[in-house]
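These numbers come from a predicted model, not from an experiment. Convention: sequence-line order gives letters A, B, ...; per-chain numbering from 1.
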Amino acid sequence: MVKRDRKWRWFHQMGSPRWFYEITGGWLPWLIPLALSLLAVGLFWGLFLAPPDARQGQSYRIIFVHVPASFLALLGYYVVATAGAVGLIWRIKMCFIVMKAAAPIGAALTLIALFTGAVWGKPTWGTYWVWDARITSMLILLFLYLGVMTLQRAFVSKDMSFKAGAILALVGTVNIPIIYKSVDWWYTLHQPATLKLTSSPSMHTDMLQPLLLVICGFYAFYLMVLILFARLEILRYEKSSNWVKTLVAEGNDS
Amino acid sequence: MSNIARSTHPGFMDYVRRDLYLSISSSSDACAPLLFFCMVITLVPLSISPNPEQLAELAPGLVWIMALLATLLSIERIFVFDHEDGSLEQMLIAPNMMTFSVLGKIIAHWLSTGLPLTLLSPAVGLMLALPENAYGPMVISLGLGTAYLSLVGAVIASLTVSLGRGGFLISLLAVPLYMPILVFGTSTVTYAVAHMPWSGPLAIMGAMLALALVLCPLAASAILRVTHSG
């Protein structure tokens, strides 16, 4: 029994915003430099050192921002939904706080993915915007993110806003495969003949290596921003508790 | 209201009857989505072109978008009055399964908006010069589709009901979830216009409706419990 308690202790401790705040405070001093240096090295390598593409020339380089941002935009929705589900099932406040922090980050990444896609589309497809299956799915994903954020903001009570946002995220998760499949089906129906992806099927290692590095950098950066946002949200949520008041008083003194 | 007084624990049929009675007795509310449906359709020839060929090409999509918007406008009513007069609380504390009460309310909503809209759609199709062979598929797809719209809309309405000001928020949250059914609904009609077999997308709509019929009342009643527990 004792062993089992110890095994699960971290899970219940995670439920305490204060514990989360203190433990992540220790992670940040190495996580921030790691994320920033991975990003800096990866982007420098990708944008300046990697060879130009045989067919797209220099314009393909936006892939080093576009691909990682799209990856994390999709992953971010699952972070929102999973955190919301765990929060709803085990009634853990901390999960709701993480969910609330993850929604704007995901929305921003989706916007970045859409924007870089549009910029990339101009030289390769000759137009900023095409109603392509993947672009349309991304746009709907952005709407789903914005929906969760708007709903959370509409509630005055924090608890209710957390719960409602989590439920909406779950409803969205059930719908994501349906939306994805329907958009895919719709696109095969209306596929314009002129549109063709010009990237080669397999990437050369000289381009793949910096891309993988940037993806790792984006993951680390995502985690960093998520923790920072969650810490901010904790301070907001617990602003009337004693430990936050002492923390603020200490911060003001130094 | 008399139904509730008669039986101590109102169930599925009581809610269907009660909500239908309420929407008929306030006929302005019941007719508003229908009028909206017809009036907005009138804007299309005025703003785009009265040319029948052009209208016929746009007709499947237009009819579907207008049906979607009309449902969206009326879906807030499904829980908001009950929330205001306290009968939602009664539904929550009633001992029988709330899922069926919610399903009753959703079916009443479909009977008072989706079904009349479906029955009216051939007239709108006529005005938009829709080819004759597309009338059947349009009516069937709208019948299935508006039921789906009511079911999914009820889930969103249950999320926002305690805010008391659903309006725009419901639209923002529901439209992304409405996109798949719109794709298959319009495809059914466009397939029929192009003399292609249209049972494929219609079958998918049926599958989506079956899934929604099982999940949405469960989800909506669970959400109503969560958002009313404080």
Side-chain angles (χ1 to χ4, degrees), chain A residues 77 84-85 87-89 91 96 103 107 110 131 133 135-191, chain B residues 61 148 151-188 190-191 194 196 198 200-201 204-205 207-209 211-212 214-216 218-230:
Chain A
Y77 196 84
L88 277 179
I89 294 166
R91 294 164 193 257
F96 288 132
T110 316
W131 288 100
I135 300 175
T136 314
S137 301
M138 253 350 220
L139 188 66
I140 299 176
L141 184 69
L142 181 67
F143 292 153
L144 288 174
Y145 271 124
L146 294 179
V148 172
M149 285 163 67
T150 326
L151 184 69
Q152 281 185 331
R153 210 170 280 181
F155 281 94
V156 182
S157 136
K158 281 259 179 202
D159 282 336
M160 292 287 283
S161 93
F162 286 156
K163 281 180 189 164
I167 294 170
L168 182 67
L170 285 178
V171 172
T173 316
V174 174
N175 274 280
I176 279 183
I178 303 177
I179 294 174
Y180 187 79
K181 282 284 158 202
S182 70
V183 170
D184 217 38
W185 186 82
W186 158 82
Y187 182 64
T188 47
L189 202 70
H190 297 276
Q191 195 157 22
Chain B
Y148 180 88
L151 283 160
V152 175
V155 175
I156 300 299
S158 66
L159 264 177
T160 57
V161 63
S162 59
L163 290 171
R165 45 182 180 91
F168 253 114
L169 193 58
I170 289 186
S171 315
L172 281 180
L173 306 183
V175 166
L177 308 181
Y178 280 175
M179 285 174 188
I181 201 83
L182 183 78
V183 167
F184 294 115
T186 44
S187 304
T188 307
T190 29
Y191 275 25
M196 279 155 68
W198 42 268
I204 297 175
M205 289 178 73
M208 284 170 74
L209 177 62
L211 190 70
V214 176
L215 290 182
C216 290
L218 276 173
S221 51
I223 292 167
L224 286 173
R225 276 200 198 289
V226 169
T227 50
H228 279 77
S229 59

Among the listed options B:S162, B:P176, B:P201, the residue most often paired with chain A at heavy-atom distances under 4.5 Å: B:P176
Check whether [X] gets within reach of chain A through its side chain, its backbone, both or neither, counting any heavy atom under 4.5 Å.
X: B:Y191; result: side chain
X: B:I181; result: neither
X: B:I156; result: side chain

From B:M179 atom CE to A:I178 atom CD1, the distance as rounded to the nearest 0.5 Å: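 Result: 14.0 Å between the selected atoms.
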Spacing of CE belonging to A:M149 relative to CG belonging to B:L172, to within rounding of 0.5 Å: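 These two atoms lie 12.0 Å from each other.
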Selection residues 163-183 of chain A - residue pairs positive for ring pair (Phe, Tyr, Trp, His ring centres under 6.0 Å), sequence neighbours left out: none
From CA spacing to verdict: side chain to side chain contact (heavy atoms under 4.5 Å, CB included), A:K163, B:T227: CA-CA 8 Å; A:K163 281 180 189 164; B:T227 50; over 6 Å; no
Heavy-atom closest pair, residues B:L159 and A:F155: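 Shortest heavy-atom separation between B:L159 and A:F155 comes out as O-CZ, 3.5 Å.
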Heavy-atom pair with the smallest gap, counting every atom of B:L173 and A:G147: CD2-O, 3.2 Å
Contacts of type ring pair (Phe, Tyr, Trp, His ring centres under 6.0 Å), residue B:Y148, not counting sequence neighbours: none
Side chain to side chain contact (heavy atoms under 4.5 Å, CB included) between B:L177 and A:L144, worked out: CA-CA 9 Å; B:L177 308 181; A:L144 288 174; 4.1 Å; yes
Note, A:V156 side chain near B:L163 side chain (heavy atom, < 4.5 Å):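 Sidechains of B:L163 and A:V156: no contact.
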Audit row: B:V183, A:W185, side chain to side chain contact (heavy atoms under 4.5 Å, CB included) steps and yes/no: CA-CA 9 Å; B:V183 167; A:W185 186 82; 3.9 Å; yes
Evaluation steps, side chain to side chain contact (heavy atoms under 4.5 Å, CB included), between B:L169 and A:T150: CA-CA 8 Å; B:L169 193 58; A:T150 326; 3.7 Å; yes
